[in-house]
Visitor: 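The structure is given below, and queries will be raised subsequently.
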Amino acid sequence: CAYGDTCLVAGGIIAIEQEDYIRKDDDNNYFISIKNIPQVGKRLANSLIFIPSSARANILTVRMRTAVPSKGIDIINKLFEIYEREQVLEKKQASNNTLKFINERLETLTAELYDVEERVEQFRNTKDIPLDISSKVGAVTSQLQTQQIQLQELKIQLNSLEAVKRSLTDVELGNQLLPTNLGLNNH
């Protein structure tokens with residue numbers, strides 16, 4: 001078998017490509033190093049060194065004990081590449097979950113707002129309250145004020161949710177932090 005050839009061996013068919021971990025001696029004998037992936041991963045993880053740059057900073061210096069420095073640099077670079085990709089995916093998932101929640105809440109608030117507006121309108125149209133009865137007028141006025149306050153609160157919540165939705169979906173705004181307390185009721 002030569003480099004690039006396909007060879008039949010006891011365990012199946014193999015192809016030999018020219019790589020650093022394959023060595024050939026003067027008698028054309030090949031030496032191939034086959035390693036257990038979890039063991040190699042554990043060994044590599046144990047060779048990593050994390051050093052805080054200072055007691056107050058969130059910055060780490062990452063080093064790797066290895067006989068071939070360029071190999072250590074390549075491994076560390078790949079680790080950071082994977083870490084960054086996972087961070088982006090995690091943030092995307094969190095944004096998607098937040099957007100889903102906001103859409104569901106918007107639907108609920110819209111329905112509640114419609115219901116309150118409808119009740120206010122019905123109240124105004126169906127209640128024929130004589131003006132000479134002051135106690136009934138006070139009660140009706142109080143009820144009307146309560147419903148108007150509820151209507152205003154729902155409108156404020158709806159506007160807040162629409163603003164958050166815009167900030168999550170607008171590409172130009174980027175990944176901005178969102179306020180944790182929007183004054184929304186969870187019902």
Side-chain angles (χ1 to χ4, degrees), residues 3-6 11-25 29-113 152-187:
Y3 290 122
D5 289 348
T6 302
I13 299 173
I14 63 168
I16 300 176
E17 300 294 329
Q18 179 112 20
E19 296 287 341
D20 293 340
Y21 58 87
I22 300 175
R23 294 188 323 267
K24 184 170 96 172
D25 66 9
N29 293 317
Y30 291 94
F31 297 92
I32 302 172
S33 176
I34 300 174
K35 298 182 178 170
N36 180 310
I37 293 175
Q39 287 177 352
V40 171
K42 189 174 184 179
R43 184 178 47 81
L44 289 174
N46 288 336
S47 68
L48 288 171
I49 303 167
F50 298 94
I51 304 165
S53 54
S54 75
R56 293 184 181 186
N58 290 333
I59 300 172
L60 294 174
T61 300
V62 180
R63 295 187 179 150
M64 181 176 233
R65 290 183 302 258
T66 180
V68 183
S70 62
K71 181 179 173 183
I73 291 170
D74 290 343
I75 290 170
I76 290 171
N77 286 337
K78 184 53 100 173
L79 284 173
F80 278 101
E81 178 186 318
I82 292 168
Y83 174 78
E84 287 173 357
R85 185 173 51 232
E86 291 298 319
Q87 289 297 309
V88 167
L89 290 174
E90 199 173 294
K91 286 179 183 178
K92 237 182 197 178
Q93 183 63 42
S95 293
N96 288 340
N97 290 343
T98 302
L99 192 57
K100 180 182 174 188
F101 168 77
I102 288 172
N103 283 333
E104 290 170 356
R105 192 67 183 126
L106 260 172
E107 288 176 16
T108 303
L109 285 173
T110 302
E112 289 176 7
L113 182 60
Q152 290 302 318
E153 288 174 352
L154 287 172
K155 284 182 180 180
I156 290 169
Q157 288 182 8
L158 182 60
N159 288 338
S160 295
L161 285 172
E162 287 174 346
V164 171
K165 182 179 179 182
R166 277 192 308 276
S167 71
L168 287 174
T169 56
D170 191 348
V171 175
E172 293 178 5
L173 294 177
N175 290 333
Q176 293 184 348
L177 294 177
L178 298 174
T180 57
N181 183 357
L182 295 175
L184 301 177
N185 296 330
N186 195 18
H187 54 74

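Residue indices begin at 1 and follow the sequence shown.
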Visitor: Just to verify, what does N96 make a side-chain hydrogen bond (donor to acceptor under 3.5 Å, both in side chains) with, not counting sequence neighbours?
Guide: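 In terms of side-chain hydrogen bond (donor to acceptor under 3.5 Å, both in side chains), with neighbours along the sequence ignored, N96 is linked to no residue.
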
Visitor: Applying side-chain contact (heavy atoms from CB on, under 4.5 Å), can you list everything that pairs with E86, at least two apart in sequence or on another chain?
Guide: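 Only I82, L89 meet the side-chain contact (heavy atoms from CB on, under 4.5 Å) criterion with E86.
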
Visitor: Mind checking salt bridge (Lys or Arg N to Asp or Glu O under 4.0 Å) for E81 and listing every partner two or more places apart, or none if nothing turns up?
Guide: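 Once residues adjacent in sequence are excluded, the partners of E81 under the salt bridge (Lys or Arg N to Asp or Glu O under 4.0 Å) criterion are K78, R85.
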
Visitor: Check each of I156, N159, L154 against L109 using the side chain to side chain contact (heavy atoms under 4.5 Å, CB included) test, and report the only one that passes.
Guide: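 Testing each of I156, N159, L154 against L109, the sole residue satisfying side chain to side chain contact (heavy atoms under 4.5 Å, CB included) is L154.
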
Visitor: When the side chains of residues 68-77 are checked against the rest of the protein, which donor-acceptor pairs come out under 3.5 Å, sequence neighbours left out?
Guide:
residue	atom	partner	partner atom	Å
N77	ND2	I73	O	3.3

Visitor: Consider side chain to side chain contact (heavy atoms under 4.5 Å, CB included). Of T108, I102, N103, which one does R105 pass it with?
Guide: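 Going through the options one by one, the only one that passes is T108.
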
Visitor: Could you list the residues that satisfy side-chain hydrogen bond (donor to acceptor under 3.5 Å, both in side chains) with K100, not counting sequence neighbours?
Guide: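 Applying side-chain hydrogen bond (donor to acceptor under 3.5 Å, both in side chains) to K100 gives none.
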
Visitor: According to side-chain hydrogen bond (donor to acceptor under 3.5 Å, both in side chains), who are the partners of E90, at least two apart in sequence or on a separate chain?
Guide: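 Listed in chain order: nothing, the list is empty.
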
Visitor: Could you tell me which residues satisfy side-chain contact (heavy atoms from CB on, under 4.5 Å) with Q152, sequence neighbours excluded, listed by chain and number?
Guide: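 By the side-chain contact (heavy atoms from CB on, under 4.5 Å) rule, Q152 matches K155.
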
Visitor: With a 4.5 Å limit on heavy-atom distance, are the side chains of T110 and E107 in contact?
Guide: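 Counting from C-beta outward, T110 and E107 never come under 4.5 Å.
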
Visitor: List, one per line, each side-chain donor-acceptor pair under 3.5 Å for residues 44-58, sequence neighbours excluded.
Guide:
residue	atom	partner	partner atom	Å
N46	ND2	K42	O	3.3
S47	OG	L44	O	2.7
S53	OG	I59	O	3.1
S54	OG	A57	N	3.2

Visitor: Could I get the full list of side-chain hydrogen bond (donor to acceptor under 3.5 Å, both in side chains) partners for K92, not counting sequence neighbours?
Guide: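 None.
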
